[in-house]
Amino acid sequence: MDTINNLILGFGVTFQPAVLMFCFFGVLMGMFIGVLPGIGPLAAISLLLPITYHIEPTAAIVMLAGVYYGAEYGGSTASILLNIPGTTANAVTCLDGYPMAMQGRAGIALFMTTVASLVGGIVGIASLILFAPTIVEIGLKFGAAEYCALMVFGMVAATSVSVGSPVKANAMVVFGVMLSTIGADLNSGVIRFDFGFIQMMDGVSLVVLAMGLFGLAEVIKNISSDRKSTLNEKVTFRSMMPTREDMKMSAKPIARGSAIGTLLGTLPGTGAAVAAFVSYAVEKKLARDPSRFGKGAIEGISAPEAANNAGAQSAFIPTLTLGIPGSATMAVMMGALIIHGIQPGPMMLTEQPELFWGLIASFFIGNIILVFLNIPLIQLWVSMLNIPAKFLYPSILVVILIGVYSVHNSTFDVFLVAIAGTLGYLMYILRFEGAPLLLGFVLGPMLEQNFRRAMLLSRGELDIFIERPISLGLISLTALILILSAVGSIVAARRRRRG
(Lines give C-alpha, C1' and ligand atoms only; values in the text may rest on other atoms or scores of the structure.)
Protein backbone atom coordinates (compact mmCIF):
# COMPACT_ATOMS: atom_id res chain seq x y z
CA MET A 1 0.00 0.00 0.00
CA ASP A 2 2.85 2.36 0.74
CA THR A 3 4.22 1.85 -2.77
CA ILE A 4 0.80 2.48 -4.33
CA ASN A 5 0.31 5.63 -2.26
CA ASN A 6 3.78 6.84 -3.23
CA LEU A 7 3.03 6.26 -6.93
CA ILE A 8 -0.26 8.15 -6.60
CA LEU A 9 1.70 11.02 -5.06
CA GLY A 10 4.24 10.83 -7.89
CA PHE A 11 1.65 10.86 -10.68
CA GLY A 12 -0.10 13.75 -8.98
CA VAL A 13 3.16 15.72 -9.19
CA THR A 14 3.92 14.66 -12.79
CA PHE A 15 0.48 15.61 -14.12
CA GLN A 16 0.96 19.20 -13.06
CA PRO A 17 0.96 21.20 -16.34
CA ALA A 18 4.45 22.66 -15.89
CA VAL A 19 6.06 19.31 -15.00
CA LEU A 20 4.26 17.53 -17.83
CA MET A 21 5.36 20.19 -20.32
CA PHE A 22 9.02 19.94 -19.30
CA CYS A 23 8.81 16.12 -19.39
CA PHE A 24 7.58 16.30 -23.00
CA PHE A 25 10.24 18.87 -23.90
CA GLY A 26 13.00 16.76 -22.33
CA VAL A 27 12.14 13.47 -24.04
CA LEU A 28 11.58 15.24 -27.39
CA MET A 29 14.96 16.93 -27.23
CA GLY A 30 16.59 13.73 -26.02
CA MET A 31 15.16 11.77 -28.95
CA PHE A 32 16.49 14.25 -31.52
CA ILE A 33 19.85 14.43 -29.75
CA GLY A 34 20.05 10.64 -29.99
CA VAL A 35 19.26 10.77 -33.71
CA LEU A 36 22.04 13.32 -34.28
CA PRO A 37 25.30 11.41 -33.64
CA GLY A 38 28.13 12.93 -31.68
CA ILE A 39 26.28 15.24 -29.29
CA GLY A 40 25.09 12.73 -26.70
CA PRO A 41 23.00 13.21 -23.55
CA LEU A 42 25.95 14.42 -21.44
CA ALA A 43 26.62 17.46 -23.64
CA ALA A 44 22.91 18.22 -23.97
CA ILE A 45 22.26 18.03 -20.22
CA SER A 46 25.33 20.20 -19.56
CA LEU A 47 24.04 22.83 -22.00
CA LEU A 48 20.56 22.79 -20.42
CA LEU A 49 21.87 22.95 -16.85
CA PRO A 50 21.93 26.80 -16.66
CA ILE A 51 18.26 26.87 -17.73
CA THR A 52 17.28 24.81 -14.68
CA TYR A 53 18.34 27.65 -12.36
CA HIS A 54 15.06 29.39 -13.27
CA ILE A 55 12.81 26.30 -13.18
CA GLU A 56 11.09 24.64 -10.23
CA PRO A 57 13.35 21.73 -9.04
CA THR A 58 11.00 18.84 -9.87
CA ALA A 59 10.30 20.12 -13.40
CA ALA A 60 14.01 20.76 -13.96
CA ILE A 61 15.12 17.25 -12.93
CA VAL A 62 12.26 15.65 -14.89
CA MET A 63 13.37 17.54 -18.01
CA LEU A 64 17.04 16.56 -17.65
CA ALA A 65 16.12 12.94 -16.99
CA GLY A 66 13.93 12.96 -20.11
CA VAL A 67 16.87 14.11 -22.20
CA TYR A 68 18.95 11.25 -20.82
CA TYR A 69 16.66 8.29 -21.49
CA GLY A 70 15.14 9.94 -24.58
CA ALA A 71 18.58 9.92 -26.20
CA GLU A 72 18.76 6.15 -25.74
CA TYR A 73 15.53 5.82 -27.71
CA GLY A 74 16.67 8.06 -30.56
CA GLY A 75 20.23 6.75 -30.68
CA SER A 76 19.19 3.53 -32.42
CA THR A 77 17.85 5.44 -35.46
CA ALA A 78 21.21 6.58 -36.80
CA SER A 79 22.74 3.20 -35.88
CA ILE A 80 20.19 1.31 -37.97
CA LEU A 81 19.88 3.65 -40.95
CA LEU A 82 23.38 5.08 -41.31
CA ASN A 83 25.61 2.73 -39.28
CA ILE A 84 26.53 5.70 -37.07
CA PRO A 85 25.91 5.13 -33.32
CA GLY A 86 23.74 7.92 -31.93
CA THR A 87 25.11 7.25 -28.44
CA THR A 88 27.85 4.97 -27.13
CA ALA A 89 25.28 2.43 -25.94
CA ASN A 90 23.83 2.24 -29.46
CA ALA A 91 27.14 1.24 -31.07
CA VAL A 92 26.34 -2.47 -30.79
CA THR A 93 22.99 -1.86 -32.54
CA CYS A 94 24.95 -1.07 -35.72
CA LEU A 95 26.08 -4.69 -35.97
CA ASP A 96 22.66 -6.09 -36.90
CA GLY A 97 20.52 -2.96 -37.30
CA TYR A 98 22.32 -1.65 -40.38
CA PRO A 99 22.29 -5.04 -42.17
CA MET A 100 18.53 -5.18 -41.52
CA ALA A 101 18.14 -1.76 -43.13
CA MET A 102 20.15 -2.93 -46.15
CA GLN A 103 17.77 -5.91 -46.43
CA GLY A 104 14.77 -3.56 -46.65
CA ARG A 105 13.67 -4.19 -43.05
CA ALA A 106 14.54 -0.77 -41.60
CA GLY A 107 10.93 -0.10 -40.56
CA ILE A 108 10.70 -3.39 -38.68
CA ALA A 109 14.10 -2.77 -37.04
CA LEU A 110 13.08 0.71 -35.83
CA PHE A 111 9.70 -0.57 -34.61
CA MET A 112 11.31 -3.42 -32.66
CA THR A 113 13.88 -1.11 -31.07
CA THR A 114 11.03 1.12 -29.92
CA VAL A 115 9.19 -1.85 -28.39
CA ALA A 116 12.40 -3.19 -26.80
CA SER A 117 13.25 0.25 -25.44
CA LEU A 118 9.79 0.60 -23.91
CA VAL A 119 9.94 -2.84 -22.25
CA GLY A 120 13.49 -2.27 -21.01
CA GLY A 121 12.57 1.16 -19.67
CA ILE A 122 9.52 -0.17 -17.82
CA VAL A 123 11.55 -3.01 -16.29
CA GLY A 124 14.17 -0.51 -15.17
CA ILE A 125 11.49 1.71 -13.63
CA ALA A 126 9.84 -1.25 -11.90
CA SER A 127 13.21 -2.26 -10.43
CA LEU A 128 13.67 1.30 -9.19
CA ILE A 129 10.32 1.05 -7.39
CA LEU A 130 10.42 -2.51 -6.09
CA PHE A 131 14.01 -3.64 -5.81
CA ALA A 132 16.07 -0.49 -5.25
CA PRO A 133 17.17 -1.46 -1.70
CA THR A 134 18.12 -5.00 -2.76
CA ILE A 135 19.94 -3.92 -5.92
CA VAL A 136 21.80 -1.20 -4.02
CA GLU A 137 22.83 -3.80 -1.43
CA ILE A 138 24.30 -5.97 -4.21
CA GLY A 139 26.04 -2.96 -5.72
CA LEU A 140 27.62 -2.06 -2.37
CA LYS A 141 29.23 -5.51 -2.23
CA PHE A 142 31.23 -4.72 -5.37
CA GLY A 143 34.72 -3.64 -4.44
CA ALA A 144 37.80 -3.11 -6.60
CA ALA A 145 38.38 -6.85 -7.08
CA GLU A 146 34.76 -7.46 -8.13
CA TYR A 147 34.79 -4.59 -10.61
CA CYS A 148 38.08 -5.76 -12.06
CA ALA A 149 36.72 -9.30 -12.49
CA LEU A 150 33.57 -7.85 -14.08
CA MET A 151 35.67 -5.87 -16.57
CA VAL A 152 37.66 -8.98 -17.53
CA PHE A 153 34.41 -10.89 -17.97
CA GLY A 154 33.11 -8.13 -20.23
CA MET A 155 36.23 -8.20 -22.36
CA VAL A 156 36.12 -11.96 -22.77
CA ALA A 157 32.43 -11.70 -23.63
CA ALA A 158 33.45 -9.24 -26.35
CA THR A 159 34.87 -12.14 -28.34
CA SER A 160 31.25 -13.27 -28.70
CA VAL A 161 30.32 -9.89 -30.16
CA SER A 162 32.68 -10.47 -33.06
CA VAL A 163 31.38 -12.14 -36.19
CA GLY A 164 34.76 -13.50 -37.20
CA SER A 165 37.69 -15.24 -35.54
CA PRO A 166 37.86 -15.22 -31.71
CA VAL A 167 41.63 -14.66 -32.01
CA LYS A 168 41.07 -11.50 -34.04
CA ALA A 169 38.39 -10.41 -31.57
CA ASN A 170 40.78 -10.82 -28.62
CA ALA A 171 43.42 -8.87 -30.54
CA MET A 172 40.92 -6.04 -31.03
CA VAL A 173 40.03 -6.04 -27.33
CA VAL A 174 43.71 -5.72 -26.41
CA PHE A 175 44.17 -2.97 -29.00
CA GLY A 176 41.17 -1.14 -27.52
CA VAL A 177 42.68 -1.35 -24.03
CA MET A 178 45.98 -0.01 -25.41
CA LEU A 179 44.19 2.97 -26.97
CA SER A 180 42.48 3.66 -23.64
CA THR A 181 45.86 4.15 -21.91
CA ILE A 182 46.63 7.25 -24.01
CA GLY A 183 46.56 10.43 -21.92
CA ALA A 184 47.19 11.38 -18.31
CA ASP A 185 47.68 8.61 -15.76
CA LEU A 186 44.86 8.74 -13.20
CA ASN A 187 47.16 8.31 -10.19
CA SER A 188 50.41 10.08 -11.06
CA GLY A 189 49.19 12.56 -13.68
CA VAL A 190 52.04 11.51 -16.01
CA ILE A 191 51.16 11.90 -19.69
CA ARG A 192 51.40 8.57 -21.52
CA PHE A 193 51.67 7.82 -25.23
CA ASP A 194 50.76 11.33 -26.37
CA PHE A 195 53.23 11.16 -29.34
CA GLY A 196 54.22 14.76 -28.64
CA PHE A 197 50.71 16.19 -29.16
CA ILE A 198 49.42 18.28 -26.28
CA GLN A 199 45.86 17.60 -27.49
CA MET A 200 46.34 13.94 -26.53
CA MET A 201 46.67 14.77 -22.83
CA ASP A 202 43.02 13.85 -22.28
CA GLY A 203 43.27 10.72 -24.40
CA VAL A 204 41.22 9.72 -27.43
CA SER A 205 37.55 10.69 -27.28
CA LEU A 206 35.08 7.81 -27.32
CA VAL A 207 32.89 9.83 -29.71
CA VAL A 208 35.80 10.21 -32.12
CA LEU A 209 36.62 6.51 -32.06
CA ALA A 210 33.01 5.28 -32.36
CA MET A 211 32.06 7.65 -35.18
CA GLY A 212 35.28 6.95 -37.04
CA LEU A 213 35.11 3.15 -36.78
CA PHE A 214 31.41 2.86 -37.59
CA GLY A 215 30.33 6.02 -39.42
CA LEU A 216 33.27 7.32 -41.42
CA ALA A 217 34.51 3.82 -42.29
CA GLU A 218 31.06 3.03 -43.72
CA VAL A 219 31.19 6.17 -45.86
CA ILE A 220 34.66 5.28 -47.18
CA LYS A 221 33.49 1.73 -47.90
CA ASN A 222 30.47 2.84 -49.93
CA ILE A 223 31.56 6.16 -51.41
CA SER A 224 32.72 4.68 -54.71
CA SER A 225 29.41 2.92 -55.38
CA ASP A 226 26.01 4.50 -55.93
CA ARG A 227 23.97 2.79 -53.26
CA LYS A 228 20.53 1.86 -54.53
CA SER A 229 17.48 2.36 -52.39
CA THR A 230 16.30 -0.61 -50.39
CA LEU A 231 12.83 0.91 -50.18
CA ASN A 232 10.65 0.23 -53.22
CA GLU A 233 7.31 1.40 -51.84
CA LYS A 234 5.89 3.72 -49.23
CA VAL A 235 6.38 2.56 -45.67
CA THR A 236 3.02 1.88 -44.04
CA PHE A 237 2.20 1.01 -40.46
CA ARG A 238 1.45 -2.56 -41.56
CA SER A 239 4.86 -2.90 -43.25
CA MET A 240 6.56 -1.77 -40.04
CA MET A 241 4.91 -4.49 -38.00
CA PRO A 242 7.25 -7.41 -37.23
CA THR A 243 6.15 -10.91 -38.11
CA ARG A 244 5.05 -13.44 -35.52
CA GLU A 245 8.44 -15.13 -35.92
CA ASP A 246 10.21 -11.82 -35.27
CA MET A 247 8.21 -11.30 -32.08
CA LYS A 248 8.85 -14.87 -30.95
CA MET A 249 12.60 -14.55 -31.56
CA SER A 250 12.73 -11.20 -29.73
CA ALA A 251 10.63 -11.96 -26.65
CA LYS A 252 13.25 -13.80 -24.57
CA PRO A 253 16.17 -11.56 -25.70
CA ILE A 254 14.18 -8.50 -24.63
CA ALA A 255 13.50 -10.08 -21.23
CA ARG A 256 17.16 -11.07 -20.75
CA GLY A 257 18.40 -7.70 -21.99
CA SER A 258 16.08 -5.88 -19.58
CA ALA A 259 17.39 -7.97 -16.66
CA ILE A 260 21.04 -7.45 -17.64
CA GLY A 261 20.53 -3.71 -18.12
CA THR A 262 18.74 -3.36 -14.79
CA LEU A 263 21.53 -5.11 -12.89
CA LEU A 264 24.51 -3.49 -14.65
CA GLY A 265 22.86 -0.06 -14.68
CA THR A 266 23.04 0.05 -10.89
CA LEU A 267 26.81 -0.56 -10.85
CA PRO A 268 28.84 2.67 -11.01
CA GLY A 269 31.09 2.79 -14.06
CA THR A 270 29.24 0.20 -16.13
CA GLY A 271 25.82 1.45 -17.13
CA ALA A 272 23.93 1.30 -20.42
CA ALA A 273 26.87 0.91 -22.83
CA VAL A 274 28.40 -2.10 -21.09
CA ALA A 275 24.93 -3.60 -20.56
CA ALA A 276 24.22 -3.39 -24.30
CA PHE A 277 27.47 -5.15 -25.23
CA VAL A 278 27.07 -7.84 -22.56
CA SER A 279 23.45 -8.55 -23.58
CA TYR A 280 24.52 -8.90 -27.22
CA ALA A 281 27.28 -11.32 -26.22
CA VAL A 282 24.85 -13.36 -24.12
CA GLU A 283 22.35 -13.63 -26.98
CA LYS A 284 25.02 -14.75 -29.41
CA LYS A 285 26.21 -17.41 -26.97
CA LEU A 286 22.66 -18.68 -26.46
CA ALA A 287 21.70 -18.61 -30.15
CA ARG A 288 21.28 -21.89 -32.02
CA ASP A 289 22.94 -20.31 -35.07
CA PRO A 290 25.44 -17.64 -33.95
CA SER A 291 26.51 -17.05 -37.56
CA ARG A 292 23.28 -15.06 -38.08
CA PHE A 293 24.58 -12.30 -35.83
CA GLY A 294 26.15 -9.42 -37.70
CA LYS A 295 23.99 -10.20 -40.73
CA GLY A 296 20.64 -8.84 -39.59
CA ALA A 297 19.59 -10.98 -36.60
CA ILE A 298 16.62 -9.29 -34.92
CA GLU A 299 17.81 -10.51 -31.49
CA GLY A 300 20.96 -8.46 -32.11
CA ILE A 301 18.97 -5.24 -31.88
CA SER A 302 16.15 -6.12 -29.47
CA ALA A 303 18.36 -7.37 -26.60
CA PRO A 304 20.88 -4.48 -26.57
CA GLU A 305 18.16 -1.83 -26.93
CA ALA A 306 16.21 -3.31 -24.02
CA ALA A 307 19.44 -3.48 -22.00
CA ASN A 308 20.59 0.08 -22.60
CA ASN A 309 17.17 1.56 -21.76
CA ALA A 310 16.81 -0.57 -18.64
CA GLY A 311 20.34 0.52 -17.70
CA ALA A 312 19.47 4.18 -18.30
CA GLN A 313 16.55 3.95 -15.86
CA SER A 314 18.25 1.83 -13.19
CA ALA A 315 21.29 4.15 -13.25
CA PHE A 316 19.19 6.51 -11.13
CA ILE A 317 19.13 3.97 -8.27
CA PRO A 318 22.62 4.60 -6.81
CA THR A 319 22.43 8.31 -7.71
CA LEU A 320 19.17 8.97 -5.87
CA THR A 321 19.35 6.45 -3.00
CA LEU A 322 23.09 6.53 -2.21
CA GLY A 323 24.28 9.80 -3.72
CA ILE A 324 26.80 7.86 -5.85
CA PRO A 325 26.69 8.88 -9.53
CA GLY A 326 27.34 5.89 -11.76
CA SER A 327 28.47 7.90 -14.80
CA ALA A 328 29.44 11.39 -15.92
CA THR A 329 25.85 12.03 -17.00
CA MET A 330 24.55 10.97 -13.60
CA ALA A 331 27.16 13.24 -11.99
CA VAL A 332 25.69 16.21 -13.88
CA MET A 333 22.20 15.13 -12.82
CA MET A 334 23.37 14.95 -9.22
CA GLY A 335 24.92 18.40 -9.61
CA ALA A 336 21.56 19.74 -10.78
CA LEU A 337 19.92 18.37 -7.64
CA ILE A 338 22.58 19.91 -5.39
CA ILE A 339 22.19 23.27 -7.16
CA HIS A 340 18.56 23.26 -6.07
CA GLY A 341 19.54 22.45 -2.49
CA ILE A 342 18.60 18.76 -2.68
CA GLN A 343 21.13 16.25 -1.39
CA PRO A 344 20.74 12.79 -3.03
CA GLY A 345 21.03 9.90 -0.61
CA PRO A 346 19.06 7.63 1.72
CA MET A 347 17.23 10.59 3.30
CA MET A 348 15.93 11.84 -0.06
CA LEU A 349 12.98 9.43 0.01
CA THR A 350 11.74 10.90 3.29
CA GLU A 351 12.82 14.55 2.88
CA GLN A 352 11.85 14.99 -0.80
CA PRO A 353 9.12 12.39 -1.51
CA GLU A 354 7.34 14.61 -4.07
CA LEU A 355 10.50 14.98 -6.14
CA PHE A 356 11.60 11.33 -5.83
CA TRP A 357 8.25 9.76 -6.70
CA GLY A 358 7.39 12.50 -9.17
CA LEU A 359 10.60 11.70 -11.05
CA ILE A 360 9.77 7.99 -11.10
CA ALA A 361 6.22 8.68 -12.33
CA SER A 362 7.66 10.93 -15.06
CA PHE A 363 9.70 7.96 -16.32
CA PHE A 364 6.45 6.11 -17.06
CA ILE A 365 4.91 9.11 -18.79
CA GLY A 366 8.12 9.93 -20.68
CA ASN A 367 8.53 6.39 -22.01
CA ILE A 368 4.93 6.34 -23.27
CA ILE A 369 5.41 9.76 -24.91
CA LEU A 370 8.53 8.46 -26.65
CA VAL A 371 6.64 5.51 -28.14
CA PHE A 372 4.00 7.85 -29.58
CA LEU A 373 6.74 10.14 -30.91
CA ASN A 374 8.91 7.40 -32.38
CA ILE A 375 6.43 5.22 -34.25
CA PRO A 376 4.92 8.00 -36.45
CA LEU A 377 8.43 9.26 -37.27
CA ILE A 378 9.65 5.84 -38.47
CA GLN A 379 8.36 6.62 -41.97
CA LEU A 380 10.38 9.83 -41.97
CA TRP A 381 13.56 8.11 -40.79
CA VAL A 382 13.25 5.22 -43.27
CA SER A 383 12.76 7.68 -46.15
CA MET A 384 16.39 8.65 -45.60
CA LEU A 385 17.31 5.39 -47.34
CA ASN A 386 15.89 6.79 -50.59
CA ILE A 387 18.41 9.63 -50.64
CA PRO A 388 21.02 9.06 -53.41
CA ALA A 389 24.50 8.28 -52.18
CA LYS A 390 25.98 11.42 -53.78
CA PHE A 391 23.79 13.50 -51.45
CA LEU A 392 23.58 11.19 -48.45
CA TYR A 393 27.28 10.53 -47.81
CA PRO A 394 28.42 14.18 -47.92
CA SER A 395 25.59 14.94 -45.49
CA ILE A 396 26.76 12.14 -43.20
CA LEU A 397 30.31 13.50 -43.35
CA VAL A 398 29.08 16.94 -42.33
CA VAL A 399 27.11 15.48 -39.41
CA ILE A 400 30.13 13.43 -38.28
CA LEU A 401 32.52 16.39 -38.47
CA ILE A 402 30.17 18.79 -36.70
CA GLY A 403 29.40 16.19 -34.01
CA VAL A 404 33.08 15.44 -33.41
CA TYR A 405 34.12 19.10 -33.40
CA SER A 406 31.33 20.08 -31.00
CA VAL A 407 32.57 17.74 -28.24
CA HIS A 408 35.78 19.67 -27.47
CA ASN A 409 35.67 22.43 -30.13
CA SER A 410 38.90 20.93 -31.44
CA THR A 411 40.06 20.58 -35.04
CA PHE A 412 42.52 17.96 -33.77
CA ASP A 413 39.56 15.66 -33.09
CA VAL A 414 38.56 16.04 -36.74
CA PHE A 415 41.97 14.67 -37.78
CA LEU A 416 41.63 11.86 -35.24
CA VAL A 417 38.23 10.81 -36.61
CA ALA A 418 39.79 10.69 -40.09
CA ILE A 419 42.48 8.35 -38.74
CA ALA A 420 39.87 6.26 -36.93
CA GLY A 421 37.78 6.04 -40.11
CA THR A 422 40.79 4.91 -42.15
CA LEU A 423 41.60 2.36 -39.45
CA GLY A 424 38.00 1.12 -39.53
CA TYR A 425 38.16 0.69 -43.31
CA LEU A 426 41.43 -1.26 -43.08
CA MET A 427 39.89 -3.44 -40.37
CA TYR A 428 36.95 -4.10 -42.69
CA ILE A 429 39.31 -5.20 -45.48
CA LEU A 430 41.27 -7.46 -43.09
CA ARG A 431 38.02 -8.75 -41.49
CA PHE A 432 38.65 -7.37 -38.02
CA GLU A 433 35.57 -6.28 -36.06
CA GLY A 434 35.22 -2.83 -34.52
CA ALA A 435 32.86 -3.75 -31.67
CA PRO A 436 35.42 -5.65 -29.52
CA LEU A 437 37.89 -2.79 -29.98
CA LEU A 438 35.29 -0.29 -28.79
CA LEU A 439 34.37 -2.40 -25.76
CA GLY A 440 38.05 -2.82 -24.82
CA PHE A 441 38.43 0.96 -25.10
CA VAL A 442 35.43 1.57 -22.82
CA LEU A 443 36.42 -0.98 -20.19
CA GLY A 444 40.18 -0.35 -20.28
CA PRO A 445 40.33 2.66 -17.91
CA MET A 446 37.98 1.01 -15.41
CA LEU A 447 40.00 -2.21 -15.54
CA GLU A 448 43.26 -0.36 -14.88
CA GLN A 449 41.80 1.77 -12.11
CA ASN A 450 40.16 -1.12 -10.24
CA PHE A 451 43.15 -3.44 -10.70
CA ARG A 452 45.40 -0.83 -9.09
CA ARG A 453 42.97 -0.37 -6.21
CA ALA A 454 42.75 -4.13 -5.69
CA MET A 455 46.55 -4.40 -5.63
CA LEU A 456 46.82 -1.58 -3.11
CA LEU A 457 44.22 -3.19 -0.85
CA SER A 458 45.88 -6.61 -1.02
CA ARG A 459 49.46 -5.24 -0.86
CA GLY A 460 50.23 -6.68 -4.27
CA GLU A 461 48.71 -10.15 -3.65
CA LEU A 462 46.57 -11.61 -6.45
CA ASP A 463 44.74 -13.79 -3.92
CA ILE A 464 42.19 -11.02 -3.47
CA PHE A 465 40.51 -12.10 -6.71
CA ILE A 466 39.81 -15.64 -5.50
CA GLU A 467 39.19 -14.88 -1.83
CA ARG A 468 36.08 -12.80 -2.54
CA PRO A 469 33.04 -14.88 -3.65
CA ILE A 470 31.70 -12.47 -6.30
CA SER A 471 35.05 -11.97 -8.03
CA LEU A 472 35.74 -15.71 -7.85
CA GLY A 473 32.36 -16.40 -9.47
CA LEU A 474 33.01 -13.89 -12.26
CA ILE A 475 36.50 -15.26 -12.89
CA SER A 476 35.11 -18.81 -13.00
CA LEU A 477 32.45 -17.73 -15.46
CA THR A 478 35.12 -16.04 -17.60
CA ALA A 479 37.23 -19.21 -17.58
CA LEU A 480 34.16 -21.24 -18.59
CA ILE A 481 33.50 -18.95 -21.55
CA LEU A 482 37.13 -19.27 -22.67
CA ILE A 483 36.98 -23.06 -22.42
CA LEU A 484 33.68 -23.23 -24.34
CA SER A 485 35.06 -20.89 -27.02
CA ALA A 486 38.20 -23.02 -27.38
CA VAL A 487 36.15 -26.23 -27.60
CA GLY A 488 33.82 -24.63 -30.13
CA SER A 489 36.75 -23.51 -32.29
CA ILE A 490 38.28 -27.02 -32.21
CA VAL A 491 34.96 -28.64 -33.15
CA ALA A 492 34.40 -26.15 -35.97
CA ALA A 493 37.95 -26.77 -37.28
CA ARG A 494 37.36 -30.55 -37.32
CA ARG A 495 34.09 -30.11 -39.18
CA ARG A 496 35.80 -27.99 -41.83
CA ARG A 497 38.48 -30.64 -42.28
CA ARG A 498 35.87 -33.39 -42.67
CA GLY A 499 33.91 -31.27 -45.10
Side-chain angles (χ1 to χ4, degrees), residues 29-51 64 67-68 70-72 74-79 81-91 93-94 98 176 179-180 182-184 191 193-223 273 327-329 331-332 384 387 389-427 434 437-438 441-442 445:
M29 177 165 287
M31 185 184 69
F32 281 105
I33 285 167
V35 172
L36 297 174
I39 301 176
L42 177 59
I45 290 173
S46 300
L47 291 172
L48 289 173
L49 194 58
I51 299 176
L64 296 181
V67 172
Y68 177 54
E72 300 300 335
S76 60
T77 301
S79 299
L81 298 180
L82 305 175
N83 206 29
I84 304 174
T87 67
T88 305
N90 298 117
T93 308
C94 295
Y98 187 69
L179 287 178
S180 72
I182 295 174
I191 307 301
F193 314 118
D194 63 339
F195 301 100
F197 294 100
I198 193 171
Q199 296 90 340
M200 299 284 278
M201 289 178 61
D202 293 328
V204 179
S205 169
L206 181 61
V207 173
V208 169
L209 190 62
M211 295 184 71
L213 289 177
F214 290 96
L216 188 56
E218 185 65 28
V219 172
I220 297 172
K221 184 171 66 176
N222 293 289
I223 202 153
S327 66
T329 306
V332 176
M384 294 170 62
I387 302 174
K390 61 182 179 181
F391 299 122
L392 180 62
Y393 291 129
S395 302
I396 294 174
L397 281 174
V398 170
V399 171
I400 290 173
L401 296 179
I402 291 175
V404 168
Y405 180 80
S406 65
V407 176
H408 297 121
N409 294 328
S410 171
T411 54
F412 187 78
D413 283 350
V414 175
F415 290 106
L416 285 182
V417 81
I419 295 172
T422 305
L423 174 64
Y425 180 64
L426 292 175
M427 287 166 55
L437 186 155
L438 195 64
F441 183 82
V442 171

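Two residues are said to be in side-chain contact when any heavy atoms from C-beta on lie closer than 4.5 Å; Leu216 and Thr422 fail this criterion. When side chains are defined from C-beta on, Ile419 does not count as touching Val208, because their heavy atoms never get closer than 4.5 Å. The side-chain heavy atoms of Met31 and Thr77, taken from C-beta on, include no pair separated by under 4.5 Å. Looking only at side-chain heavy atoms (C-beta outward), Thr411 and Tyr405 come within less than 4.5 Å of each other.
The minimum heavy-atom distance between Phe441 and Val204, with the atom names listed, is CZ-O, 3.1 Å. When all heavy atoms are compared, the tightest approach of Tyr425 to Ala217 is N-CB, 3.7 Å. Residues Ile182 and Met200 approach most closely at CG2-CE, 3.7 Å, considering heavy atoms. Heavy atoms only, all atoms of each residue included: Met427 and Leu213 are closest at SD-CD2, 4.0 Å.
Phe197 contributes atom CZ, which lies 15.0 Å from atom CD1 of Ile191 (distance to the nearest 0.5 angstrom). Taking CD1 from Ile198 and CZ from Phe412, the interatomic distance works out to 11.0 Å, rounded to the nearest 0.5 Å.
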